[in-house]
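What follows is a set of notes on a single structure, which appears directly below.
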Amino acid sequence: MITKPYNPNIQVQDGCFVCDRDRYMLIHIYKNASISLRNTLGMWTYKNYTHLEPDNYIKICVLRNPLYRCISIYQYILRLENGESPYHPAELIKQTEFYKIRNKPIESFNSFLRAIDGGNFFDAVAQPQIKFLRDKSLPISKVSNFLIQENIDNDFKKFCFEHQIENVQITHDNRSDDKVKETLTKYVDIDPIARDKILDIYSEDKDLYETIAKVKI
């Protein structure tokens, strides 16, 4: 089974999406409502964080419960179609055991967890959420607005109210397959071994999420 990280030196997440007109900056984290927020607020330009003046932007970051983000990551990786981007080595992924048995969601998902255990994040999508802040040397205190994905509609409404944004509703784009997602969500919710494995792999994300969301996973 392939477990070696895919050229981790190129997986530095030093960019962010911006809307220069309205001075919004999205701290881009894979599988955290990025496309939805970019489409809603017109943040379509991708720039290197170090090439900007961050203090001039309203910084937005979406955090997600690591249990459900892990499921979404797994589903996304299975959907990769080509190897054109160095961040998404599809040909490497297709050699993994979890990809070969993808028609058995629970068995395949457990194989995926074994593959990424120990920091073998061979695809950038699977990187921990906290890494996307660290790669920019961005402390939590410097992020203007944290939104929680599990409460994204209400959090976005509060964001709009605070920044006097009118007549804007967040879209919900790039969703995973609902049937598989439902199967895996139920599995993770009731199986303590799978649950503990995910929280061990993403232990720092667990701490970060609980601190910002003020909930216990």
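Bear in mind that the values here come from a model prediction, so they are computed numbers and not experimental data. Residues take their numbers from the sequence shown, with the count starting at 1. Excluded from the calculations below are hydrogen atoms, water molecules and symmetry mates; all remaining heavy atoms, backbone and side chain alike, are included.
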Shortest non-hydrogen contact between [X] and [Y], atoms and distance:
{"X": "Tyr202", "Y": "Ala126", "value": "OH-O, 2.7 Å"}
{"X": "Lys136", "Y": "Cys16", "value": "CE-CB, 4.4 Å"}
{"X": "Ile152", "Y": "Leu147", "value": "CD1-CD2, 3.8 Å"}
{"X": "Val62", "Y": "Ile29", "value": "O-CD1, 3.8 Å"}
{"X": "Gly15", "Y": "Tyr46", "value": "CA-OH, 3.2 Å"}
{"X": "Gln169", "Y": "Phe156", "value": "C-CE2, 4.2 Å"}

Got a salt bridge between Glu210 and Lys206, using NZ or NE/NH1/NH2 to carboxylate O under 4.0 Å?
-> yes

When clusters are formed by joining ILVMFWY residues with side-chain heavy atoms under 4.5 Å apart, either directly or through shared neighbours, do [X] and [Y] land in the same one?
{"X": "Leu92", "Y": "Phe98", "answer": "yes"}
{"X": "Leu67", "Y": "Leu113", "answer": "yes"}
{"X": "Ile165", "Y": "Tyr57", "answer": "no"}
{"X": "Ile27", "Y": "Ile73", "answer": "yes"}
{"X": "Met43", "Y": "Leu52", "answer": "no"}

What distance separates [X] [atom1] from [Y] [atom2], expressed to the nearest 0.5 Å?
{"X": "Lys94", "Y": "Lys100", "atom1": "NZ", "atom2": "NZ", "answer": "13.0 Å"}
{"X": "Phe146", "Y": "Leu63", "atom1": "CZ", "atom2": "CG", "answer": "5.0 Å"}
{"X": "Lys197", "Y": "Arg114", "atom1": "NZ", "atom2": "CZ", "answer": "8.5 Å"}
{"X": "Ile35", "Y": "Leu26", "atom1": "CD1", "atom2": "CG", "answer": "11.0 Å"}
{"X": "Asn151", "Y": "Asp153", "atom1": "CG", "atom2": "CG", "answer": "8.0 Å"}
{"X": "Arg102", "Y": "Glu97", "atom1": "CZ", "atom2": "CD", "answer": "11.5 Å"}

Test log, rule side-chain contact (heavy atoms from CB on, under 4.5 Å), inputs Leu41 and Ile60 = CA-CA 11 Å; Leu41 294 176; Ile60 307 166; 3.9 Å; yes

With distance as the sole test, does [X] use its side chain to make a donor-acceptor pair with the main-chain N or O of [Y] at under 3.5 Å?
{"X": "Asp191", "Y": "Ile193", "value": "yes"}
{"X": "Asp205", "Y": "Pro128", "value": "no"}
{"X": "Gln129", "Y": "Arg64", "value": "yes"}
{"X": "Asp14", "Y": "Asp135", "value": "no"}
{"X": "Lys31", "Y": "Val125", "value": "no"}
{"X": "Thr40", "Y": "Ser36", "value": "yes"}
{"X": "Glu150", "Y": "Asn65", "value": "yes"}
{"X": "Asn110", "Y": "Glu107", "value": "no"}

Do [X] and [Y] have side-chain atoms, one donor and one acceptor, less than 3.5 Å apart?
{"X": "Asn145", "Y": "Tyr24", "result": "no"}
{"X": "Tyr74", "Y": "Ser108", "result": "yes"}
{"X": "Asp189", "Y": "Tyr68", "result": "yes"}

Heavy-atom check, side chain of Ile198 versus side chain of Phe109, under 4.5 Å =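 Answer yes - side chains close enough.
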
With a 4.5 Å heavy-atom cut-off, do Tyr209 and Gln149 have their side chains touching?
->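 No, every pair of side-chain atoms sits at 4.5 Å or beyond.
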
Check each of Asp20, Val143, Val18, Ile58 against Met25 using the side-chain contact (heavy atoms from CB on, under 4.5 Å) test, and report the only one that passes.
-> Val18

Cation-aromatic face contact Arg79/Tyr76, 6.0 Å, 45 degrees |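 The answer is no, since Arg79 fails at least one limit relative to Tyr76.
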
Would Leu37 and Phe17 count as a side-chain contact (heavy atoms from CB on, under 4.5 Å) if you check the C-alpha gap in whole Å, the side-chain angles of each, and the deciding distance to 0.1 Å?
-> CA-CA 10 Å; Leu37 273 176; Phe17 287 93; over 6 Å; no

Checking side-chain contact (heavy atoms from CB on, under 4.5 Å) for the pair Thr96/Ile77: CA distance, chi angles, key distance, verdict?
-> CA-CA 11 Å; Thr96 62; Ile77 286 177; over 6 Å; no

Apply side-chain contact (heavy atoms from CB on, under 4.5 Å) to Ile116 and Phe112, showing your working.
-> CA-CA 6 Å; Ile116 66 172; Phe112 167 72; 3.7 Å; yes

Between Phe132 and His28, what is the ring plane arrangement, given parallel below 30°, perpendicular above 60°, and tilted in between?
-> perpendicular

Show the numbers, then the answer: is there a salt bridge (Lys or Arg N to Asp or Glu O under 4.0 Å) between Glu182 and Lys186?
-> CA-CA 6 Å; Glu182 182 180 355; Lys186 288 181 178 178; 3.2 Å; yes

